[in-house]
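Remarks on the structure that follows.
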2 protein chains.
Amino acid sequence: MTDGVAERSRPRDRILETAQDMFHKHGIKGVGVDAITEAAGTNKMTLYRHFESKDELIVECLRATAAKASRIWDEVEAKHPGDKLAQLHAWVQKASELLSADSRGCDMANAAVELTETDHPARRVIKELKEAQREKLVALCRDAGIGQAELLADTLSLLLEGARVSMQSVGAEGPSAQFVRMAESLIASFRAR
Amino acid sequence: MTDGVAERSRPRDRILETAQDMFHKHGIKGVGVDAITEAAGTNKMTLYRHFESKDELIVECLRATAAKASRIWDEVEAKHPGDKLAQLHAWVQKASELLSADSRGCDMANAAVELTETDHPARRVIKELKEAQREKLVALCRDAGIGQAELLADTLSLLLEGARVSMQSVGAEGPSAQFVRMAESLIASFRAR
DNA sequence: CTAGGGTGTTACCGGTCTGTAACTTCCAGC
DNA sequence: GCTGGAAGTTACAGACCGGTAACACCCTAG
């Protein structure tokens with residue numbers, strides 16, 4: 001007899017997936033390992049056989065979510081193969097959809113807010129992954145023929161980051177509701193330069 | 001004999017000030033009430049005589065920091081009395097200075113990230129205070145003769161919010177370093193419309 | 001001098017946290 | 001069918017959490 005959906009996968013995978021979800025929803029410090037293992041249908045000992053500490057689990061979760069997020073680049077590429085400018089617009093569209101679908105923002109940014117210890121292992125990973133994302137966006141802008149590609153990419157980054165954190169403070173009806181309009185007119189003004 | 005600087009103020013004030021500082025530096029969930037009272041040179045009982053719970057202390061801290069932040073509006077007004085456009089530029093300048101001076105971002109946004117319970121008393125306060133700040137910026141843009149004042153204000157808000165959270169992820173040398181340039185060219189393009 | 005309120009001290013409550021030890025159970029591969 | 005390793009179970013350690021009770025103290029207003 002096959003149990004529920006996630007029940008058939010291996011404990012390590014269930015733990016990782018459940019932890020991602022719970023960290024995302026309730027924050028890292030708002031979730032204990034007991035709650036994670038229980039929700040994952042396993043137990044604490046099994047968690048500590050696969051991850052040497054909660055901190056390592058956190059790092060692994062961040063890597064996993066970043067890997068998931070990086071798939072949107074493939075989607076954008078697949079949607080408009082070769083047409084970099086169309087891909088940039090698609091990126092804006094996709095970002096806006098993700099904004100609407102979820103109001104808890106970016107896991108990495110949220111983790112950076114929560115984990116204040118400067119030597120926390122997650123901080124290296126966060127910086128690393130965020131820089132990789134930035135480089136992808138810069139490349140996209142450059143390949144789309146934008147003159148000041150770095151500046152546009154950085155501005156779009158800040159807008160999106162701001163939208164994600166603003167949603168958590170004032171909700172989806174606040175400034176973040178105008179994200180697409182802002183991003184599009186920004187791209188237009190950079191193209192006109 | 002007069003003791004140290006803060007030692008002569010009343011316990012309640014010291015607790016409030018110390019809590020603000022520690023919440024800001026280490027996050028709300030990263031600081032216990034014991035640590036606060038010890039750093040404030042008092043004890044837990046005294047804290048609970050003045051605040052009925054840690055949650056109430058959090059709310060009071062947020063109100064206090066918002067009150068502090070609202071003083072920059074007075075400074076901006078005092079610097080360029082009557083000249084609303086100059087005040088807008090001064091606001092950008094001031095925001096940038098605060099960015100450079102501190103890398104832990106906005107206490108209210110950080111609190112919203114940490115306090116995920118939808119019915120947490122702090123969430124009302126955060127929304128309330130953030131909306132008040134937004135209205136001030138909208139008014140400044142409008143009075144400075146900007147056509148789409150709301151849109152400019154919201155865009156500037158997201159840029160600043162994004163810069164503050166980005167600093168915590170990738171540091172001060174990341175996209176947030178370009179905040180002034182972004183904000184200024186944004187204002188310029190809105191003025192040209 | 002005295003009364004009383006604000007403050008400090010100590011100890012404690014029940015709960016939760018990360019992490020571990022020792023043991024049992026299950027199940028797949030041989 | 002047996003065996004070996006992965007997974008589950010229970011209990012626990014030690015620290016910390018928010019919050020409270022009881023009591024001693026001090027300092028100031030009358």
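Heavy-atom basis, side chains included; hydrogens, waters and symmetry copies ignored. Letters A, B, ... are given to chains in the order of the sequence lines, protein chains preceding strands, and every chain is numbered from 1.
Rounded to whole Å, the distance from CD on B:E52 to C1' on D:dT20 is 14 Å. Distance A:E38 CD to C:dC17 P: 11 Å, rounded to the nearest Å. Between the C1' atom of D:dC17 and the CE atom of B:M22 lies a distance of 14 Å, rounded to the nearest Å. Rounded to whole Å, atom P of C:dT9 lies 15 Å from atom CG of B:L47. Going from atom OH of A:Y48 over to atom C1' of D:dA13 covers 13 Å, rounded to whole Å.
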Show me the donor-acceptor pairs, under 3.5 Å and distance only, between side chains in residues 170-179 of chain A and residues at least two apart or in other chains.
| unit_1 | atom_1 | unit_2 | atom_2 | d |
| --- | --- | --- | --- | --- |
| A:Q178 | OE1 | A:R181 | NE | 3.3 |
| A:Q178 | OE1 | A:R181 | NH2 | 3.1 |

Just distance, no hydrogens or angles: give the donor-acceptor pairs under 3.5 Å from side chains in residues 66-81 of chain A, sequence neighbours left out.
| unit_1 | atom_1 | unit_2 | atom_2 | d |
| --- | --- | --- | --- | --- |
| A:S70 | OG | A:A67 | O | 2.9 |
| A:E75 | OE1 | A:K94 | NZ | 3.0 |

Atom pairs and distances, side-chain donor-acceptor, residues 134-159 of chain A, under 3.5 Å, sequence neighbours left out:
| unit_1 | atom_1 | unit_2 | atom_2 | d |
| --- | --- | --- | --- | --- |
| A:R134 | NE | A:D154 | OD1 | 2.7 |
| A:R134 | NH2 | A:D154 | OD1 | 3.4 |
| A:R134 | NH2 | A:D154 | OD2 | 3.1 |
| A:Q148 | OE1 | A:R193 | NH1 | 2.8 |
| A:T155 | OG1 | A:L151 | O | 2.6 |
| A:S157 | OG | A:A153 | O | 2.9 |

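The stretch residues 25-35 of chain B touches DNA chain D through B:V31, B:G32, B:V33, each having a heavy atom under 4.0 angstrom from the strand. Using a 4.0 Å cut-off on heavy atoms, none of the residues of residues 54-61 of chain A approach DNA chain D. Only at 4.0 angstrom or more do the heavy atoms of residues 114-123 of chain B sit from any atom of DNA chain C, so none qualifies.
Rounded to 10 degrees, the angle between the two end axes of the helix from C:dC1-D:dG30 to C:dC30-D:dG1 is 10°, with five pairs used at each end.
The other residues sharing a hydrophobic cluster with A:I28 are A:I15, A:L16, A:M22, A:F23, A:V31, A:V33, A:I36, A:L47, A:Y48, A:F51, A:L57, A:I58, A:V59, A:L62, A:M108, A:L115, A:V125, A:I126, A:L129, where clustering joins ILVMFWY side chains under 4.5 Å apart. Cluster partners of A:M45 are absent, since no Ile, Leu, Val, Met, Phe, Trp or Tyr has side-chain heavy atoms less than 4.5 Å from it.
Between the side chain of A:R104 and the main chain of A:H24, a donor-acceptor pair closer than 3.5 Å is present. Checked by atom type and distance alone, the side chain of A:H89 pairs as donor or acceptor with a backbone atom of A:L85 at under 3.5 Å. Put simply, the side chain of A:T42 never gets that close to the backbone of A:E38: no donor and acceptor are under 3.5 Å apart.
For B:R63, the salt bridge (Lys or Arg N to Asp or Glu O under 4.0 Å) partners two or more places apart in sequence, or in a different chain, are B:E128. A:E114 is linked by a salt bridge (Lys or Arg N to Asp or Glu O under 4.0 Å) to nothing, counting only residues two or more places apart in sequence or in another chain.
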| field | Full working for side chain to side chain donor-acceptor pair (under 3.5 Å) between A:D21 and A:T18 | value | CA-CA 5 Å; A:D21 184 54; A:T18 308; over 6 Å; no

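Here CD of B:E97 is found 13.5 Å from CG of B:D102. Values are rounded to the nearest 0.5 Å.
When side chains are defined from C-beta on, A:S103 does not count as touching A:Q168, because their heavy atoms never get closer than 4.5 Å.
More than 12 heavy atoms of other residues, nucleotides or ligands sit less than 6.0 Å from atom CD of A:E184.
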| task | Any chance you could list the contact pattern along nucleotides 7-12 of chain D? Use B for base contacts, S for sugar-phosphate-only contacts and - for none, protein heavy atoms under 4.0 Å, 5' to 3'. | result | BBB---

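Residues B:L88 and B:V180 share a single hydrophobic cluster, defined by chaining ILVMFWY side chains whose heavy atoms lie under 4.5 Å apart.
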